[in-house]
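Inspection log for the structure reproduced underneath, given as structure tokens.
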Amino acid sequence: MGTLELDGVTKVFPDGDGEIVAVDGVDIEMRDGEFLVVVGPSGCGKSTTLRMVAGLETISSGEIRLAGQRINDVKPQHRDIAMVFQSYALYPHMTVEGNMAFGLEESTDLSDGEIETRVADAAETMGIAELLDRKPADLSGGQRQRVALGRAIVRDPEVFLMDEPLSNLDAKLRSEMRTELQRLQDELDVTTMYVTHDQTEAMTMGDRIAILNAGELQQVATPLECYHEPANRFVAGFIGDPSMNFFPVERDGETLVGDVFDYSLSASTLDDVGDVTDLTLGIRPEDIALAGDSTGDHTFSTVVEVVEPMGDENTVYLRFADAPEGETFIATVGGLQQVSAGDEITVEIPEETVHLFDGTSGEAVHNREIDE
Amino acid sequence: MGTLELDGVTKVFPDGDGEIVAVDGVDIEMRDGEFLVVVGPSGCGKSTTLRMVAGLETISSGEIRLAGQRINDVKPQHRDIAMVFQSYALYPHMTVEGNMAFGLEESTDLSDGEIETRVADAAETMGIAELLDRKPADLSGGQRQRVALGRAIVRDPEVFLMDEPLSNLDAKLRSEMRTELQRLQDELDVTTMYVTHDQTEAMTMGDRIAILNAGELQQVATPLECYHEPANRFVAGFIGDPSMNFFPVERDGETLVGDVFDYSLSASTLDDVGDVTDLTLGIRPEDIALAGDSTGDHTFSTVVEVVEPMGDENTVYLRFADAPEGETFIATVGGLQQVSAGDEITVEIPEETVHLFDGTSGEAVHNREIDE
Amino acid sequence: SGGGDGSDGSDGGDGGGNTLEVLHAWTGGDGARAAEALVSAFDEEYPDVDHEFNPIGGGGNQNLDAVVANRLQNSDPPSSFANWPGPNLQRYEGVLGEVGDVWESEGFEDVMVEEAVDLHQYDGAYRGVPLGSHRLNCLFYNTSVVEEAGVDPDSLTSVSALIDALETVQSETDAIPMTHGASGTWTTTQLFASTMLGQEGYDAYMSFIDGSPDEAAVRATFESLAEILGNYINDDASSIGLTESNQNIIEGNAAFIHQGNWAAGAYRNAEDFAYDEDWGFKTYPGSEGMYMLHFDSFLYPSDNPSPDATEQFMAFVGSEAAQVAFNQYKGSIPTRTDVDMSQFGPYLQETQEDFASADERPPNLQHGLGVPSETMTTLNDVISSEFSGPYNVDAATEGFVDAVSN
Amino acid sequence: MSNDARTDGGTVTEADPGASAGLLAGIDGYRVLLYLGLLGMLTFFLIPIESGLVTSFKNPSGVSGSLPFAPPTGGTFTFEKWRAAFDALGRGLINSALYAIPATVISALLGSFAAYGITQSDWKQKYKAPVLALFVAGIFIPYQAVLVPLSQFWSMVPLQEWLGFLWALGINNDYAGVVELVVTHVAYGLPICTVLFRSYYKNMSEEMIEAARLDGASIRRIYRRIVLPLSGPMFAVVLIYQFTQIWNDLLFTLVLVQTESSAAAPIVLILAGLGTSLEGQDFALRMAGAFIAALPTLAVYIAFGEEFAEGVAT
Amino acid sequence: MTRNTDTGDDSGDAVADGGVAEGGQRSGFSPIAALNERFGSDFVESSQFWLPPFLLVGLFVYGAIIWNLLISLTDFRGFGTPDYGDLDLQMYSRALADSGFIDAAINTFILLVGFTLVTLALGLGLAILIDRNIRFENTFRTIYLLPMSLSFVVTAQFWAWMFNFNNGVINIVITSLGLGRVDWIGNPDIVLWAVMFALMWQFAGYAMVVFLAGLRAIPNEHYEAAKVDGASTVRMYWRVIIPQLKGSTISASVVLMVFALKAFDFLYSLVGGYRPPNGADILATKMVREAYANLNWAYASAVAITLFLMTLGIVGPYLYYQYNRGNL
Ligand SMILES: Nc1ncnc2c1ncn2[C@@H]1O[C@H](COP(=O)(O)OP(=O)(O)OP(=O)(O)O)[C@@H](O)[C@H]1O
Ligand SMILES: Nc1ncnc2c1ncn2[C@@H]1O[C@H](COP(=O)(O)OP(=O)(O)OP(=O)(O)O)[C@@H](O)[C@H]1O
Ligand SMILES: [Mg+2]
Ligand SMILES: [Mg+2]
């Protein structure tokens, strides 16, 4: 039973005279067979979290439970966990077969024959059966990646841990392996904790995403929940590319007053806001619509500062007509819509697509509507 | 006058007994003040081209002219060219000021006072005035990048050369510096040759793009021309992300016959095709439309294999109903459109958006229509 | 335990308890041949004694001294070892045994020169037995070179006469007036001793050795030395040793050399180089009638691994058989006064006569008989730092006076 | 760094595009000077060796009568000195090998252990640093600083008794000195071995070791199955470096064996006094001896120059 | 070795037990767990690897140095045993009054500084030559480094012959240039420089290897950037490349100085005895001579301690530097 629970897990590194709190009271519960992606900016404590689960770092406080058992003090070699490393960490002097058999030889009492069978099976699964006699140096990047996975699955562990396993692959191979990993995890149904700093990977692979920032857990939810219903401003800004635009605003009655624009709110939204007055308004670039000449409650006249044509769409840097130069926000518009630097255009920021965050804590107070 | 002309420039490296033709007869003319981005896959000869312009590699044949003067035999220290390296190549033992002053000290007779003034000015421009006394090791990546640029602009050269100057920065900083570089080049108006392998950079930064493949120049044109009117299949596939989908087809009268689908062509398109029969049909993912239930000439029924939700849009891997599993093509659809793996959906491939390439030479025979 | 026998004689591998182990430093040339002769004579005399004669080579006696010191230090002494008697015995304070009964039973006191009797006692007991004696106040010359210069060596009876003769050689011939090998400092120290003896006389020399030096005498000696070394020796003196220096005499490149009479051994071995015809000997100018004494002896360590055999060996060393066998090859003379010299060559016979008839037999300075080894080291350090060119008379004088004063 | 070459070479190529750049590039002045400098230095480094070599084949009249770097002529040629040198040094070769080889192997192994223990295992940096500092400092300690205690120590160890069984086999008991040399060289060679291995292990992938831990291997199994098999290249470096160091060292042999006359005298000890006896300076003999003594390390150097350079550079 | 492995086995078991003990940690106290708690999780288990070598080094190196210090405080000389009951600094005051010691110390210092400087300079020159993209690079490098593989004893033989007054290569060369012969070994004013020269011959290759590694670590772009910035080749090396070799220079200097301190073997072999040529006595030779030729054990120990302090003066800052750069 591969349920994995992290309960207030904290890691403090000594740092000269002071300390670094790398992971700060993280609580996560993973169902058996779940695929959880841990994502966050560099240095936020993702690897440290994973390494604590693996037993490669001690736990400063909190508890990690595997199938209900506390494993804080179990040595890594006695936890039933397999890990796939960013560098693959294959043993260069052993053949693929040797690499895959090593864990079974060291951690089980299986006979040579049994080990051979299991290795052969796993190699079959990974499609590397014909590579068994090669050394890692003779493999391509993708093949090495497969061997590293094979080495993990052959042990049939309770939990898989993967620390940015795809980051050493080139773009094409990466997206290929992404799909393959998902397929494999579906098939094996082993609890998997997957670390990445790439929000695309996070969005596309996980059953759920756990977003970390500065050692603290921000949100654990499905990818689309994170995208559309971010728990706070950090999540909203981190997930999605280009990022959500944020504008600091002050609530004044039914209106949000920004530096250079006002934005009126409907009653239902105002309900969500409650009595918070210091707010941040968020809007995703793709939700900003070119309004043509029509004007309305939520249309604003803007100046185009830069247009980055991407072919399929253009990234347009806009500035409110009254804003000082350089203070831009981003909208994405269709690739064939002709806008050019210097144009004055009117855009609409539809109310059903805006997010509102508490200006001080960053907590989301209102998220966009989802029309299903 | 910074016009820079490359005329049949070729570079041959000896390689054991044989030779490697790294750059093969490249012709480029750059206007004074133009920003040209050289792009292409790894190893295609971009750096070699740039280094020949800098004088760091000899030219095997052909000619390079700067302001009309042949400079093939001029030593690098006597060409009036500044270069920004991928690794920045800052001198670690000198302060920022020392780094910036070095070129002036070595290549001009300016007095110490004048040099100081010019360095101070350039530092001001780059916003690094307060860093002048620091050593490179004490700077962040972005700051180093600025210093490297500062070191180039302080010399006020005829030409800037930049070899992947942003590739060592993280994504956020990269897009920031991208904008900054564009602004700077606008301001200084110095002829600039900029090498990258990143098609996003190429699309967004350059006045024109030069696309290289295997040492040969494929196309020199504005970004949007390259996107919408690629000169050949290579350019079409290289520019744009996700890539254009390609299907090999055979022309049979007015119809293109593919492995698993037929596609009828209008007369005007047929005109473009002429008498080529072996063709490749290309369609960009964003041009594939979900057709709902409607059927028409250019609609096809497909099966959804994988959906990768990206938030703002979904990348959908589709398969023609008759195609074997795994043979997919890509479409991008809006983020809130609900499609899921296994769905059978009908898509439209509008004729005005398709590209046709010669199946053997890869030359474009027909490009999409652009509605302006 | 730098290699050697088991310390208590019971555990050594091949019954080493009774093996006689003798260390000496005669590893090459005359020395080796002499040592061989000694061993075979011993075999003849004492065929039943197991023995092991170990020559310790390298660095003159330095290596031997170091090895002996180390073994004594580690309480792993050899049965006997070659060394010098006299004040030199001081450094073996506490580790030498007594061989008084050998002296007594063999009657050595009656047959050895009286200086030998005195010098082999330390702390009131005999510590070893002499084997042979070299003479130190010698001046050798190449006959043809001095003839060419028109110098009569026999007329040189003072140091100043010597210096004049050197000047004559210098001006009359291309040869080196006096060859000197100063790569070690000992040759210069030794030259100092002979010069002092020759110039300042026996009493001044003896009071120097005895620790009440007359500074003026020391200074005068150094002044003469400075004149000789500064003007009349070979260019490469400081980088060559005795052997190369002596070679200059044999090859006719130099007129004179001062050395102990072991130098004559090389002449004997050289082809076509005969005594009185090709080379000659003169007592060091001014020291006529004196024999500056040297002894090669075997000492007896206490805690001896083979006391019986060693005593037999000691008795043998002082015997006529041993002294004849050894000295005729070594180029030295017996320390017994009752030896038949007929087996020795003419030069050694003359030396023996000088020895027997000498007015005074002052102990040497450099080879253990004059001063303790520590003083000797200091003297050599002074030579090394002050008197190996440039020649600093003042500093050298001060250094020597300080070193011997007690 | 080759840009100059490129630029200059380019000029030539331009003048005659068809010619092979490599050949013609040698002609320009800058390159000529460069190669002259290189050859000059080559002469400087080889001349002492060359003149030693030719001298070793000369008879006395050849030594004094011909230029030191001129090869012997028919009349002055002789093998005699090599034969004499070999007679004198032959046993030294064997004696040296007797301690140099075991000491090299043991110190390399122990060095590997130590480096593994303080590099690839997980205990606090705070405590590792001083341990490591002691190892590193140990490299630089002048042996003189430990010499007196070392002699004292070995005079207190009853090695002669412990090895009595060897003497009973008829082995000369001087060979106790060989045992002392092995232990001494191991102890003083350990710091450099450890540091060499450490630099290697530090670059070994940490993730790989962690992978092995997760695979269930203990620290000892990881060493046996992962680290040791991967240490091959470093073992080559360390063995070669240590061997030359130990073979070449004189000081310890001088203190522990003392004399070339000992049955167990190592070759360097014999060589140090060779040809300087009362016979005078026999340079031909000294040169021949020098070559015989240098032979093993030269052979190692020529065969494994890269590894040697690597050891040296650390 | 066998015994060693056995010990390893034992502690291996101990660790397995330790694992069990850890399981029961909450109930009782385990010394192993306590050690691990204090020093890090693998402290005990890994000690089977590093502890025996560490003890060996600790005893033979650091134990010996402390012992040496003790001996230097006694009056131990000649035969017998040191008397540790009576410790004073007498030997050190004797050293200060001993002109031989002062000379040796000065010579040591001159050798240290002079040798290091010339060797670094030559090594740097060689490295730059080699680094100019030459053909036969490996051959040149191999030959330049060759002397390093030789024993001091062997090089002493070669150089005794090179410096020979009558027939040495050097005197032959300078006389052929019309200069007078020089007594390289015999002249006390020159001999130290001659020794320095010979040692430079032996170790310039070492400096070259270190500098070459340093040069190769400088990215090619720095050379190119300097060129594009308009610097000539000489200016490029002087202003951009050589200043970046600081680290190489420091580590090469330290090692060279330590070699210089150990030049005993060379000087001993040059003359085949404990007393080096006049004017070339250094502390290393003096120490050995005092101990093994003169049996002045305590005095020799005091000289040794002085030598050790000199080394410490060089190595200490170096270790600190390395520590600061995170190399320890
Ligand atoms: N052994 C350590 N000692 C001290 N600090 C550490 C140690 N390991 C990590 N840290 C610090 O802990 C924080 C979290 O590091 P961690 O490696 O978990 O980040 P990450 O999220 O994996 O980052 P990345 O995406 O760059 O891999 C960082 O600030 C890091 O500097
Ligand atoms: N000095 C050289 N000697 C031999 N071949 C070289 C040399 N420099 C480059 N090449 C070869 O020339 C070709 C072009 O290299 P170049 O560095 O210009 O590629 P690039 O387009 O800059 O690639 P990247 O994006 O990886 O930097 C490659 O095949 C490369 O292997
Ligand atoms: Mg990480
Ligand atoms: Mg490149």
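Values in this document were obtained by computation on a predicted structure and should not be read as measured data. First the proteins, then the strands, lettered A, B, ... as listed; each starts at 1.
- Of the two parts of A/Leu161, neither the backbone nor the side chain holds a non-hydrogen atom closer than 4.5 Å to a non-hydrogen atom of chain D.
- Scanning for ring pair (Phe, Tyr, Trp, His ring centres under 6.0 Å) contacts around D/Tyr241 gives an empty result, with sequence neighbours left out.
- Heavy atoms only, all atoms of each residue included: A/Met94 and D/Ile226 are closest at CE-CD1, 3.8 Å.
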Please tabulate the donor-acceptor pairs under 3.5 angstrom that span chain D and chain A, backbone and side chains included.
unit_1   : atom_1 : unit_2   : atom_2 : d
D/Glu207 : OE1    : A/Ser87  : N      : 3.1
D/Glu207 : OE1    : A/Ser87  : OG     : 2.3
D/Glu210 : OE1    : A/Arg51  : NH1    : 2.7
D/Glu210 : OE2    : A/Arg51  : NH1    : 2.9
D/Glu210 : OE2    : A/Arg51  : NH2    : 2.8
D/Ala212 : N      : A/Tyr91  : OH     : 3.2
D/Leu214 : O      : A/Arg155 : NH1    : 2.7
D/Leu214 : O      : A/Arg155 : NH2    : 3.3
D/Asp215 : OD1    : A/Arg155 : NH1    : 3.2
D/Asp215 : OD2    : A/Tyr91  : OH     : 2.9
D/Arg221 : NE     : A/Glu106 : OE1    : 3.1
D/Arg221 : NE     : A/Glu106 : OE2    : 3.2
D/Arg221 : NH2    : A/Glu106 : OE2    : 2.8
D/Arg225 : O      : A/His93  : NE2    : 2.8
D/Arg225 : NH1    : A/Glu105 : OE1    : 2.6
D/Arg225 : NH1    : A/Glu106 : OE2    : 3.2
D/Arg225 : NH2    : A/Glu105 : OE1    : 2.9

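- Residue D/Phe304 places its CZ atom among 12 or fewer non-hydrogen atoms of other residues, nucleotides or ligands, all under 6.0 Å distant.
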